[in-house]
Engineer: 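Before I ask anything, let me first share the structure, which is written out below as structure tokens.
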Amino acid sequence: MNIIFFGSSQFAVPCLKVLLAAKHKISCVVTQADKEKGRGLSLGVTAVKAAAELCNLRIYQPRQVNDGDTVSFLKGLNPDLFIVVSYGQILSQRVLDIPGIFSINAHASLLPKYRGAAPINRAIINGDKITGVTIIKMTERMDAGAIMMQKTTKIKENDTFIILEEKLSKDAAALLIEAVNSIENNKYKLTPQDESKVTLAPKLKKEDGLIDWNKPAGEIYNLIRGCVKWPGAFTYYKDKLLKVYKARILEMPDAGYRIPAGELFRVDKDSIVVATGNGNLAIEELQVEGKRRMKVRDFIAGHKICAGEKFYKK
RNA sequence: CGCGGGGUGGAGCAGUCUGGUAGCUCGACAGGCUCAUAACCUGUAGGUCACGCGUUCAAAUCGCGUCCCCGCAA
């Protein structure tokens with residue numbers, strides 16, 4: 001079977017590798033164009049491109065995947081199946097119709113829940129206990145195709161985006177192999193999604209990472225876990241952006257009086273405890289703009305920070 | 001050449017504007033106090049101040065160049 005693989009982010013890499021390991025023929029890897037910008041001048045290469053180069057696969061990077069040139073290029077390869085995993089562009093029906101069989105997609109949620117670009121982040125931020133991966137037959141509507149297979153995974157209390165992404169990407173890879181095999185044997189089943197249960201997981205914006213200290217400690221904790229990597233849960237301290245990478249909810253006896261949310265309740269040698277709308281949060285790892293990520297202990301060693309000061313929203 | 005912050009003993013920072021024996025907090029090590037301790041007290045070690053060139057009697061500090069790290073923006 002002649003496969004063309006579409007993917008860009010890290011999440012797609014295990015899928016690509018597993019397909020190769022299973023000796024499937026991948027005639028081309030389509031990935032997002034290199035971003036010629038960055039800080040300074042560096043150009044970014046997608047994780048999938050890097051992996052594909054190591055495996056000496058043919059790489060194609062259309063600026064617009066739906067344009068005529070791309071369509072004729074892809075047709076020329078005579079593919080049987082398109083496999084799309086966090087590619088980053090929406091494929092038009094014209095493109096989806098190119099392969100002889102059809103196109104499938106691996107999505108990091110239990111569809112119809114969390115259609116969209118940021119299902120992993122949203123699941124953690126919302127405090128969900130379970131999530132999973134779904135393989136669907138693609139249609140032009142984003143993440144709306146019929147379900148081919150699905151696997152559920154628990155989200156642990158201390159899972160961060162990075163951990164969960166890695167876990168789900170492995171599940172996706174395993175499921176993908178099963179899906180491809182079932183297609184080869186023509187034994188797959190398709191179940192339409194229940195449209196009444198659709199929820200969306202739109203791409204995160206920078207501002208989604210802004211911490212609102214009036215919220216309960218648990219919600220802020222989830223935000224921190226879900227925003228690790230990008231955009232990072234952040235607040236402000238002394239006019240500087242401060243990202244919180246790691247924290248833990250602190251069970252403490254009621255002080256007897258109300259501490260304003262965002263105020264530093266206690267600062268000692270190796271912890272900073274912040275009051276929230278409900279409960280306290282002990283910061284464990286943070287990063288100030290211009291500086292690298294560090295443990296609170298190190299931050300405290302070099303900063304005159306004391307109880308009573310505040311973290312605020314700009 | 002998108003904007004900006006930074007590179008100072010093991011870690012995090014001050015000092016740079018207003019050149020002149022390198023400082024703070026933490027850690028390490030040694031000793032002390034203590035029933036005991038991550039607490040407290042005393043002492044010790046550890047730095048060519050990212051790199052190169054220049055200005056100067058004298059450069060962490062001023063000028064020029066290079067490398068590296070990071071925030072924003074994409």
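Letters A, B, ... are given to chains in the order of the sequence lines, protein chains preceding strands, and every chain is numbered from 1. Worth saying up front: this structure is predicted, and the values here are computed from it rather than measured.
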Engineer: Any strand counts, and the cut-off is 3.5 Å on both contacts for Watson-Crick or G-U wobble. Which nucleotide pairs with B:rU37?
Structural biologist: none

Engineer: Please determine, by modelled atom types, if A:Asn185 and A:Ser182 share a side-chain donor-acceptor pair under 3.5 angstrom.
Structural biologist: no

Engineer: Ring-plane angle category for A:Phe234 and A:Tyr236, please: parallel below 30°, perpendicular beyond 60°, tilted otherwise.
Structural biologist: perpendicular

Engineer: Using atom P of each nucleotide, how far apart are B:rG12 and B:rC53 to the nearest Å?
Structural biologist: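 Taking atom P in both B:rG12 and B:rC53, they lie 28 Å apart.
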
Engineer: When A:Glu285 is tested against each of A:Arg248, A:Arg293, A:Arg292 for salt bridge (Lys or Arg N to Asp or Glu O under 4.0 Å), which residue passes?
Structural biologist: A:Arg293

Engineer: Is A:Glu284 salt-bridged to A:Arg297, cutoff N-O under 4.0 Å?
Structural biologist: no

Engineer: Provide a list of protein-nucleic acid N or O atom pairs under 3.5 angstrom, restricted to nucleotides 36-40 of chain B.
Structural biologist:
unit_1: B:rA39; atom_1: OP1; unit_2: A:Lys269; atom_2: NZ; d: 2.4

Engineer: What's the gap between B:rG5 and B:rA58 when it is taken at their C1' atoms, as a whole Å value?
Structural biologist: 30 Å

Engineer: If pairing requires Watson-Crick or G-U wobble contacts with both distances under 3.5 Å, which nucleotide is the partner of B:rG63?
Structural biologist: B:rC53

Engineer: Please state how far atom CD in A:Glu289 lies from atom P in B:rC72, giving the value in whole angstrom units.
Structural biologist: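 My rounded result for the distance is 8 Å.
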
Engineer: Show each protein N/O and nucleotides 42-45 of chain B N/O combination with a separation under 3.5 Å, one pair to a line.
Structural biologist:
none

Engineer: Pick the C1' atom in B:rG27 and in B:rG9, then give their distance to the nearest Å.
Structural biologist: 12 Å

Engineer: For B:rG10 versus B:rA28, give the span between their P atoms, rounded off to a whole number of Å.
Structural biologist: 15 Å

Engineer: Would you mind classifying the nucleic acid contact of A:Lys304 as base, sugar-phosphate or nothing, using non-hydrogen atoms under 4.0 angstrom?
Structural biologist: nothing

Engineer: What integer number of Å spans the P atoms of B:rA22 and B:rA45?
Structural biologist: 15 Å

Engineer: If you look only at pairs with a residue in residues 129-140 of chain A, which of them pass as a side chain to side chain donor-acceptor pair (under 3.5 Å), with sequence neighbours excluded?
Structural biologist: A:Thr134-A:Gln150

Engineer: Please report the distance, rounded to the nearest Å, between CG in A:Asp268 and C1' in B:rC26.
Structural biologist: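 Taking atom C1' of B:rC26 as the reference, CG of A:Asp268 is at 13 Å.
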
Engineer: Anything under 3.5 Å between a protein N or O and an N or O of nucleotides 6-13 of chain B, put it in a table, one pair a line.
Structural biologist:
unit_1: B:rG6; atom_1: O2'; unit_2: A:Lys291; atom_2: NZ; d: 3.4
unit_1: B:rA11; atom_1: O2'; unit_2: A:Asp298; atom_2: OD1; d: 2.9
unit_1: B:rA11; atom_1: O2'; unit_2: A:Asp298; atom_2: OD2; d: 3.2
unit_1: B:rG12; atom_1: O4'; unit_2: A:Asp298; atom_2: O; d: 3.4
unit_1: B:rG12; atom_1: O2'; unit_2: A:Asp298; atom_2: O; d: 2.8
unit_1: B:rG12; atom_1: N2; unit_2: A:Ala301; atom_2: O; d: 2.9
unit_1: B:rC13; atom_1: O2'; unit_2: A:Gly302; atom_2: O; d: 2.8

Engineer: Holding to salt bridge (Lys or Arg N to Asp or Glu O under 4.0 Å), I want the full list of residues that pass it with A:Lys243, two or more places apart in sequence or in another chain.
Structural biologist: none

Engineer: Below 4.0 angstrom, which residues in residues 229-240 of chain A have at least one non-hydrogen atom near RNA chain B?
Structural biologist: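 Contacting residues: none.
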
Engineer: Got more than 12 heavy atoms from elsewhere within 6.0 Å of CD1, A:Ile162?
Structural biologist: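 Enclosed: over 12 neighbouring heavy atoms sit under 6.0 Å from CD1 of A:Ile162.
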
Engineer: In a check of salt bridge (Lys or Arg N to Asp or Glu O under 4.0 Å) between A:Asp128 and each of A:Lys113, A:Arg122, A:Arg225, A:Lys156, which one passes?
Structural biologist: A:Lys113

Engineer: When the P atoms of B:rG7 and B:rG54 are compared, how many Å lie between them, rounded to an integer?
Structural biologist: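 Taking atom P in both B:rG54 and B:rG7, they lie 25 Å apart.
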
Engineer: Can you tell me the distance, in whole Å, between the CG atom of A:Leu241 and the P atom of B:rG4?
Structural biologist: 17 Å

Engineer: Can you confirm whether A:Lys75 is buried at NZ, in the sense that more than 12 heavy atoms of other residues, nucleotides or ligands lie under 6.0 Å from that atom?
Structural biologist: no

Engineer: Could you walk me through whether A:Lys49 and A:Asp34 pass the salt bridge (charged side-chain N to carboxylate O under 4.0 Å, His left out) test, one step at a time?
Structural biologist: CA-CA 9 Å; A:Lys49 181 178 180 181; A:Asp34 298 341; 2.9 Å; yes

Engineer: Counting Watson-Crick and G-U wobble pairs only, both distances under 3.5 Å, name the nucleotide matched with B:rC3, or none.
Structural biologist: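 Result: B:rG71.
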
Engineer: With side-chain hydrogen bond (donor to acceptor under 3.5 Å, both in side chains) as the criterion, how do A:Asp239 and A:Tyr312 come out once you've worked through the C-alpha distance, each side chain's angles and the decisive distance to 0.1 Å?
Structural biologist: CA-CA 9 Å; A:Asp239 289 333; A:Tyr312 51 90; 3.3 Å; yes

Engineer: Hunt down the Watson-Crick or G-U wobble partner of B:rG46, both distances under 3.5 Å, from any strand shown, or write none.
Structural biologist: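 Looking at the geometry, B:rG46 pairs with no nucleotide.
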
Engineer: Compare side-chain N and O positions of A:Lys206 against OP1 and OP2 of B:rC72 and report whether any pair is under 4.0 Å apart.
Structural biologist: yes

Engineer: Between B:rA14 and B:rC24, how many Å separate the two C1' atoms, rounded to a whole number?
Structural biologist: 7 Å

Engineer: Using the P atom as the point on both nucleotides, what is the distance between B:rC68 and B:rA60, in whole Å?
Structural biologist: 25 Å

Engineer: So, A:Gln32 and A:Tyr87: side-chain donor and acceptor under 3.5 Å apart, yes or no?
Structural biologist: no

Engineer: Under 3.5 Å, is there a donor-acceptor pair linking the side chains of A:Tyr114 and A:Asn121?
Structural biologist: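 No pair is found: no donor N or O on one side chain lies under 3.5 Å from an acceptor on the other.
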
Engineer: Please determine, by modelled atom types, if A:Asn214 and A:Thr276 share a side-chain donor-acceptor pair under 3.5 angstrom.
Structural biologist: no

Engineer: Name the pairing partner of B:rC24, where a pair is Watson-Crick or G-U wobble with both distances under 3.5 Å, or state none.
Structural biologist: B:rG12

Engineer: In terms of the angle between their ring planes, are A:Phe82 and A:Phe6 parallel, tilted or perpendicular, with boundaries placed at 30° and 60°?
Structural biologist: tilted

